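The structure appears right after this line, and notes come after that.
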Amino acid sequence: QVQLVDSGGGTVQAGGSLRLSCVVSGYTFGSCMGWFRQALGKEREGIAALFVGSGSTYYVDSVKGRFTISRDAVKNIVYLQMNSLKPEDTAMYYCAATNPFLECRSPHSLREYNYWGQGTQVTVSS
């Protein structure tokens, strides 16, 4: 059974940092691992993704240069390091994994992902 468990969220002041973790079990790492976020009243958006095979990454413009996605292949953990946090980064954050047997074509798209974590709340105060 595939399980993704998100953690690491919290409340931080603007300019601060957090590192989110996603512990993955029961899953053969496939084409993409992603992080999404959903602010209150808004749609869930893809903000970062890792192409597992190549190590290439994708970031939405609003987090480029501030967030970094990475993976510890031994521990089966995917991280999202978030620096220079802004109040507009406040949201519930979710990690996600694609079907391991299909190519990942649109790493920012919810439709690509079959497995989801339960989410971890990030609140950035001004």
Side-chain angles (χ1 to χ4, degrees):
Q1 181 180 356
V2 178
Q3 190 172 19
L4 281 65
V5 180
D6 307 325
S7 65
T11 300
V12 64
Q13 287 190 331
S17 298
L18 284 172
R19 187 177 77 162
L20 306 184
S21 299
C22 174
V23 178
V24 183
S25 60
Y27 178 73
T28 300
F29 275 93
S31 46
C32 275
M33 296 295 300
W35 282 97
F36 288 72
R37 68 185 180 188
Q38 188 166 17
L40 205 60
K42 295 188 177 181
E43 293 185 352
R44 193 172 298 191
E45 66 166 340
I47 59 170
L50 174 68
F51 291 86
V52 175
S54 67
S56 298
T57 55
Y58 157 84
Y59 298 97
V60 71
D61 286 347
S62 58
V63 308
K64 278 181 183 176
R66 301 188 298 125
F67 291 10
T68 304
I69 186 171
S70 63
R71 180 174 77 109
D72 184 323
V74 175
K75 296 180 180 179
N76 283 349
I77 301 175
V78 179
Y79 298 102
L80 184 68
Q81 177 67 43
M82 306 187 296
N83 298 328
S84 303
L85 282 161
K86 305 175 181 180
E88 51 263 43
D89 294 318
T90 295
M92 186 72 81
Y93 284 70
Y94 302 88
C95 72
T98 60
N99 183 318
F101 305 108
L102 297 178
E103 182 182 0
C104 177
R105 296 179 180 270
S106 301
H108 61 285
S109 173
L110 276 75
R111 291 190 298 272
E112 287 281 351
Y113 295 86
N114 297 85
Y115 307 102
W116 293 84
Q118 82 287 358
T120 185
Q121 177 69 35
V122 172
T123 302
V124 184
S125 60
S126 57

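Predicted model, so just to flag it, every value in this text is computed and none were measured.
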Can you tell if the side chain of [X] reaches within under 4.5 Å of the side chain of [Y], non-hydrogen atoms only?
X: Glu103; Y: Ser31; value: no
X: Ile69; Y: Val78; value: yes
X: Leu18; Y: Val122; value: yes
X: Thr68; Y: Tyr59; value: yes
X: Asp89; Y: Phe67; value: yes

Notebook entry, point to check: Residues sharing Tyr113's hydrophobic cluster, by side-chain heavy-atom contacts under 4.5 Å among ILVMFWY, directly or via others?
Noted result: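 Grouped by the 4.5 Å side-chain rule, Phe36, Met92, Tyr94, Leu110, Trp116 form the rest of the cluster around Tyr113.
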
Atom of [X], atom of [Y] and distance for their closest heavy-atom approach:
X: Phe51; Y: Pro107; value: CZ-CG, 3.6 Å
X: Gln81; Y: Ser17; value: NE2-CB, 4.0 Å
X: Met82; Y: Leu85; value: CB-CD2, 3.8 Å
X: Pro87; Y: Ala14; value: CD-CB, 4.1 Å

Could you check whether any side-chain N or O of [X] sits under 3.5 Å from a backbone N or O of [Y], counting only pairs where one atom can act as donor and the other as acceptor?
X: Asn114; Y: Asn99; answer: yes
X: Thr98; Y: Pro100; answer: no
X: Ser21; Y: Tyr79; answer: no
X: Thr120; Y: Gly9; answer: yes
X: Thr90; Y: Val124; answer: yes

Check: What residue pairs, at least two apart or across chains, pass salt bridge (Lys or Arg N to Asp or Glu O under 4.0 Å) with a residue in residues 42-53?
Finding: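 Passing the test, one end in residues 42-53: Arg37-Glu45.
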
Note to self: Applying salt bridge (Lys or Arg N to Asp or Glu O under 4.0 Å) as the test, list every pair that has at least one member in residues 6-31; sequence neighbours left out.
What the structure shows: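 Listed once each, the pairs would be none.
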
So, taking the atom named [atom1] in [X] and the one named [atom2] in [Y], what distance separates them when rounded to the nearest 0.5 Å?
X: Leu102; Y: Cys32; atom1: CG; atom2: SG; value: 11.0 Å
X: Leu50; Y: Cys95; atom1: CG; atom2: SG; value: 12.0 Å
X: Ser7; Y: Ile77; atom1: OG; atom2: CD1; value: 8.0 Å
X: Ser62; Y: Ile47; atom1: OG; atom2: CD1; value: 7.5 Å
X: Ser84; Y: Arg66; atom1: OG; atom2: CZ; value: 7.0 Å
X: Gln38; Y: Gln121; atom1: CD; atom2: CD; value: 10.5 Å

Notebook entry, point to check: Do Val2 and Met33 share a hydrophobic cluster, counting only Ile, Leu, Val, Met, Phe, Trp and Tyr and linking them when any side-chain heavy atoms are less than 4.5 Å apart?
Noted result: yes

Next item on the list: Check the hydrophobic clustering (I, L, V, M, F, W, Y; side-chain heavy atoms under 4.5 Å; chains of links allowed) and say if Val23 and Leu4 are grouped together.
Entry: no

Margin query: Tell me whether the rings of His108 and Tyr58 are parallel (<30°), tilted (30 to 60°) or perpendicular (>60°).
Written below: tilted

